[in-house]
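First the structure, in the form of structure tokens, and then the observations on it.
Just so it is clear, the model here is predicted, and its values are computed rather than measured. Chain naming here is simple, since letters A, B, ... match the order of the sequence lines and numbering starts at 1 in each.
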Amino acid sequence: MRWSQLFIPTLRENPAEAEVPSHQLLLRAGYVRQLAAGIYNYLFLAQRSLNKIQGIVREEMDAIGGQEMYLPGLNPAEVWQESGRWDVMGDNMFRLKDRWGRDLCLGMTHEEIMTYIARGELRSYKQLPQLWYQIQTKFRDEPRPKSGLLRVRQFLMKDSYSFDMDQAGLDAAYQRHYDAYCRIFDRCGLKYTIVEAHSGAMGGSQSHEFMVASDAGEDLIVVCAKTGYAANMEKAVSRASAPSAADPEGDLAPEEFHTPGKKSIEDVCAFDGLPATSHIKSLVLVADDKPVLALLRGDHQLSEPKFEAAVKAKTFRPAHPAEIEQWMGAEAGSLGPVGVRNMRVIADRALEGRRNLIAGANKNDYHLRNVTPGQHFKVEYFDLRQVMAGDTEVETGEPLEIVKSLEIGHIFKLGYKYSESMGLKVLDAQGKEVTPIMGSYGIGIERILCSAIELYHDADGMILPPAIAPFGLVITPVNWNDAGQREAAEKLYAEAKQAGLDPLLDDRDERPGVKFKDADLIGIPYRITIGKKLPQGLVELVNRKTKKAEEVTLAGAIAAVTK
RNA sequence: CGGGGCGUGGCUCAGCCUGGUAGAGCGCCUGGUUCGGGACCAGGAGGCCGGUGGUUCGAAUCCACUCGCCCCGACCA
């Protein structure tokens with residue numbers, strides 16, 4: 001296409017509202033413009049790139065037997081009420097009423113609608129398995145849209161759903177998605193990590209997230225460079241670092257000491273001169289209406305998902321200050337496990353085998369020293385803590401790293417959650433009704449573009465992987481008014497089109513500097529510059545990524561790009 | 001929802017404290033000179049200073065309310 005006729009509104013300066021690189025560059029390079037918080041207009045370049053991404057996704061989904069559908073974004077309330085998610089989704093769901101006052105919502109995801117279709121049509125085991133997908137706009141009323149296209153209220157998602165007769169069928173569908181996702185992200189040129197994930201409110205048994213390391217990310221994952229271990233924060237396990245100071249020897253008896261006004265572990269450390277690792281952190285939580293005392297090493301943080309799993313609670317919350325007073329006889333700053341009989345006491349494994357530690361005395365402004373778990377109080381051990389910097393891999397002791405990452409894909413074994421709640425049943429070979437088992441698999445389309453930009457950019461702009469760049473090649477005659485250059489440019493342009501290179505011809509009457517800057521900014525992988533050496537039959541091929549330029553003959557230029 | 005910041009030509013920002021003619025750079029338009037990394041000269045267009053109400057002879061500037069946007073936190077199938 002011809003640049004002079006296109007709408008590519010590049011900016012010289014970074015718009016003030018943009019902070020993360022992908023947001024800045026999407027705006028500066030004229031890919032997108034904001035309409036409202038978390039709502040963006042995708043202009044010409046963004047649309048081209050997103051189309052290419054969707055093309056790749058489509059090919060790979062089709063290759064594993066996916067059948068593409070197009071489902072409504074506007075949904076009636078009833079379907080969501082059946083699954084119970086009309087209430088569960090709360091304020092995250094956009095809701096509206098039609099002219100008759102009937103409740104509708106904008107779809108956040110499509111488990112319900114897919115299950116609704118399946119329920120109406122699938123009758124026999126002979127019709128299974130099915131694998132359905134769509135690439136469609138989703139709406140979520142995010143509490144805080146941010147970071148450009150990374151967290152928005154309207155976005156594109158590829159979501160697929162598998163329906164199988166049994167666990168083995170689901171396992172196979174899951175594995176096919178896992179492999180297809182790898183091919184998709186590989187083809188899009190991304191570097192990613194696959195982590196085991198917590199299934200969360202989706203329910204189900206197994207789940208993996210596809211993550212791209214980036215400071216713009218919102219999730220933390222734990223990886224081991226040596227062993228390849230990778231998990232998200234909710235699920236990651238580790239070996240704790242050694243305590244900073246050795247425990248005092250001997251069977252010492254707990255001994256009260258006065259700690260006026262020292263509430264936090266930090267305060268008490270400063271007061272008694274011992275490191276946080278020599279202290280016990282005591283948290284009172286209320287799990288399914290029953291109080292639980294959770295103990296951690298002073299420097300550790302409670303992992304809420306792990307706590308939830310340990311006590312097998314449906315709901316839990318921190319205890320209110322009044323409850324703590326009532327149950328423990330002291331305020332939150334002076335709590336400890338010694339003498340606690342009215343609630344379950346659980347501790348993180350990092351406290352197992354420790355001796356003579358510091359804990360609250362359950363008496364305001366007093367702590368105890370020489371507290372030994374198992375000896376001075378009864379306790380059950382679980383893995384309760386969040387992995388922290390300095391921890392090592394459980395099996396090998398190799399160092400673990402905590403990496404900020406962006407989630408670009410997520411696959412779930414859903415199980416029977418939706419098929420059961422919505423009454424999807426088919427007859428098996430024995431004529432018996434069975435409930436199919438489901439899987440759900442998502443990819444954030446815009447996030448692929450964003451993470452590519454986050455991964456690949458420099459001071460001059462984007463460096464998009466060829467497969468997802470809006471154009472494959474830009475042809476830049478240095479002076480459009482030079483008849484010879486113009487002619488050569490037209491020739492290369494026609495040739496490049498022929499070769500399927502998806503070329504962009506910069507036929508603008510602009511100075512060369514402007515053309516070079518713009519080409520770099522919008523991230524086209526290759527540029528052919530037609531300039532001073534044209535009389536010798538030479539042009540220049542520039543690689544956007546390496547910035548290397550090589551002289552090639554006019555006749556051989558297009559071949560040089562494709563090789 | 002809690003905390004912080006910001007709304008002034010298309011973009012980046014100054015002016016606001018201390019009220020009195022709305023500014024700069026970039027971009028845009030016209031003409032000319034230029035043409036290998038965001039040119040130069042000359043001329044020009046473009047702004048109810050987010051909105052509403054108040055104080056005042058007079059408000060971009062002071063006060064109140066309100067709307068929007070960004071950041072941190074909470075939240076995040």
Side-chain angles (χ1 to χ4, degrees), chain A residues 7 9-20 23-24 27-30 33-40 80 83-93 105 107-112 138-148 150-153 155 157 159 161 197-204 207 209 216-220 232-234 304-305 317-318 406-407 410-412 414 417-418 440-442 444 459-461 476-482 485 506 508-521 527-534 538-540 542 547 549 551:
Chain A
F7 179 59
T10 58
L11 301 172
R12 276 191 197 222
E13 289 173 276
N14 268 326
E17 73 254 26
E19 200 119 310
V20 302
H23 189 199
Q24 294 180 338
L27 288 167
R28 270 196 69 202
R33 288 292 184 263
Q34 187 176 53
L35 182 61
I39 305 177
Y40 284 83
W80 288 82
S83 72
R85 291 209 293 182
W86 179 260
D87 296 320
V88 172
M89 292 303 190
D91 287 338
N92 275 336
M93 181 180 257
C105 66
M108 307 176 67
T109 171
H110 280 76
E111 279 83 5
E112 280 81 358
K138 309 285 177 191
F139 299 90
R140 294 182 192 180
D141 196 357
E142 291 289 342
R144 185 150 92 83
K146 60 174 188 174
S147 308
L150 286 174
R151 181 158 291 275
V152 287
R153 296 195 288 177
F155 59 97
M157 180 161 131
D159 48 328
Y161 304 88
H198 185 73
S199 309
M202 287 293 290
S207 165
E209 289 172 342
E218 300 185 281
D219 297 318
L220 294 175
N232 75 3
M233 207 49 169
E234 285 88 67
E304 297 187 355
R317 59 172 173 85
L406 274 170
E407 181 184 344
H410 201 159
I411 55 180
F412 283 99
L414 275 182
K417 182 175 160 122
Y418 296 92
S440 144
Y441 320 86
D460 290 318
T476 308
V478 164
N479 184 353
W480 187 247
N481 291 318
D482 179 303
Q485 288 188 17
D506 195 348
R508 294 175 299 169
D509 185 13
E510 284 288 352
R511 297 172 57 83
V514 173
K515 295 186 176 191
F516 296 154
K517 289 286 184 193
D518 274 343
D520 287 351
L521 184 57
R527 184 180 85 216
I528 295 177
T529 309
I530 303 169
K532 55 198 173 204
K533 295 236 170 125
L534 181 63
L538 295 175
V539 295
E540 202 175 69
V542 186
K547 291 259 168 92
E551 280 186 349

5' precedence on RNA chain B between A/Ala16 and A/Met157 (nearest-nucleotide basis): A/Ala16
A/Met233 CE - B/C75 P separation (whole Å): 15 Å
Sugar-phosphate only, base, or nothing, as touched by A/Ala36 at under 4.0 Å among non-hydrogen atoms: sugar-phosphate
Residues in side chain to side chain contact (heavy atoms under 4.5 Å, CB included) contact with A/Ala29, at least two apart in sequence or another chain: A/Tyr31, A/Met462, A/Leu521, A/Ile522
Distance in angstrom units between A/Lys515 NZ and B/A39 C1', rounded: 15 Å
Base-pairing mate for B/G2 - Watson-Crick or G-U, with both contacts under 3.5 Å: B/C72
NZ/A/Lys547: more than 12 non-hydrogen atoms of other groups inside 6.0 Å: yes
Base-pairing assignment for B/G9 (Watson-Crick or G-U wobble, both under 3.5 Å): none
B/A64 versus B/G44 - spacing of their C1' atoms, nearest Å: 42 Å
Whole-Å P distance, B/G46 and B/G23: 13 Å
Contact under 4.0 Å: A/Arg12 side-chain N or O vs B/G27 OP1/OP2: yes
Separation between the P atoms of B/G36 and B/C48, rounded to whole Å: 41 Å
Non-neighbouring partners of A/Tyr441 that pass ring pair (Phe, Tyr, Trp, His ring centres under 6.0 Å), sequence neighbours left out: A/His177
For A/Ser147, side chain to side chain contact (heavy atoms under 4.5 Å, CB included) partners two or more places apart: A/Val20, A/Leu150
Complement of B/C62, any strand, by Watson-Crick or G-U distances under 3.5 angstrom: B/G54
Sugar-phosphate only, base, or nothing, as touched by A/Asp520 at under 4.0 Å among non-hydrogen atoms: base
Side chain to side chain contact (heavy atoms under 4.5 Å, CB included) against A/Asp87, all qualifying residues, sequence neighbours excluded: none
N/O-N/O pairs, protein side and nucleotides 71-74 of chain B side, under 3.5 Å:
{"residue": "B/C71", "atom": "OP1", "partner": "A/Ser147", "partner atom": "N", "Å": "3.3"}
{"residue": "B/C72", "atom": "OP2", "partner": "A/Arg144", "partner atom": "NH1", "Å": "3.2"}
{"residue": "B/C72", "atom": "OP2", "partner": "A/Arg144", "partner atom": "NH2", "Å": "2.7"}

B/G37: pairing nucleotide in any strand, Watson-Crick or G-U under 3.5 angstrom: none
Listed partners of A/Asp518 passing side-chain hydrogen bond (donor to acceptor under 3.5 Å, both in side chains), at least two apart: A/Thr10, A/Arg508
Nearest-Å distance once atom C1' is located in both B/G15 and B/U8: 9 Å
Pair A/Glu112 + A/Arg85: basic N to acidic O under 4.0 Å: yes
Same-atom distance (C1') from B/C26 to B/A14, integer angstrom: 14 Å
Test side-chain contact (heavy atoms from CB on, under 4.5 Å) applied to A/Tyr161 and A/Thr109, step by step: CA-CA 11 Å; A/Tyr161 304 88; A/Thr109 171; 3.5 Å; yes
Rounded distance (Å) that lies between atom P of B/C76 and atom CG of A/Asp91: 12 Å
Between B/U12 (P) and A/Gln24 (CD): distance, integer Å: 12 Å
Given RNA chain B, 5'-ward residue of the pair A/Leu11 and A/Glu218, judged by closest heavy atom: A/Leu11
By salt bridge (charged side-chain N to carboxylate O under 4.0 Å, His left out) - contacts of A/Glu142 (at least two apart): A/Arg151
Set of residues satisfying side chain to side chain contact (heavy atoms under 4.5 Å, CB included) with respect to A/Ala18, sequence neighbours excluded: A/His23, A/Gln24, A/Leu27
Whole-Å P distance, B/C6 and B/C17: 15 Å
Watson-Crick/G-U partner (both atom distances under 3.5 Å) of B/G19: none
Sub-3.5 Å pairs of nitrogen or oxygen atoms, protein against nucleotides 33-36 of chain B:
{"residue": "B/U34", "atom": "O2", "partner": "A/Arg511", "partner atom": "NH1", "Å": "2.7"}
{"residue": "B/G36", "atom": "N7", "partner": "A/Lys532", "partner atom": "N", "Å": "3.4"}
{"residue": "B/G36", "atom": "O6", "partner": "A/Gly531", "partner atom": "N", "Å": "3.4"}
{"residue": "B/G36", "atom": "O6", "partner": "A/Lys532", "partner atom": "N", "Å": "3.1"}
{"residue": "B/G36", "atom": "N2", "partner": "A/Glu540", "partner atom": "OE1", "Å": "2.4"}
{"residue": "B/G36", "atom": "N2", "partner": "A/Glu540", "partner atom": "OE2", "Å": "3.1"}

Distance between C1' atoms of B/U66 and B/C29 (Å, rounded): 38 Å
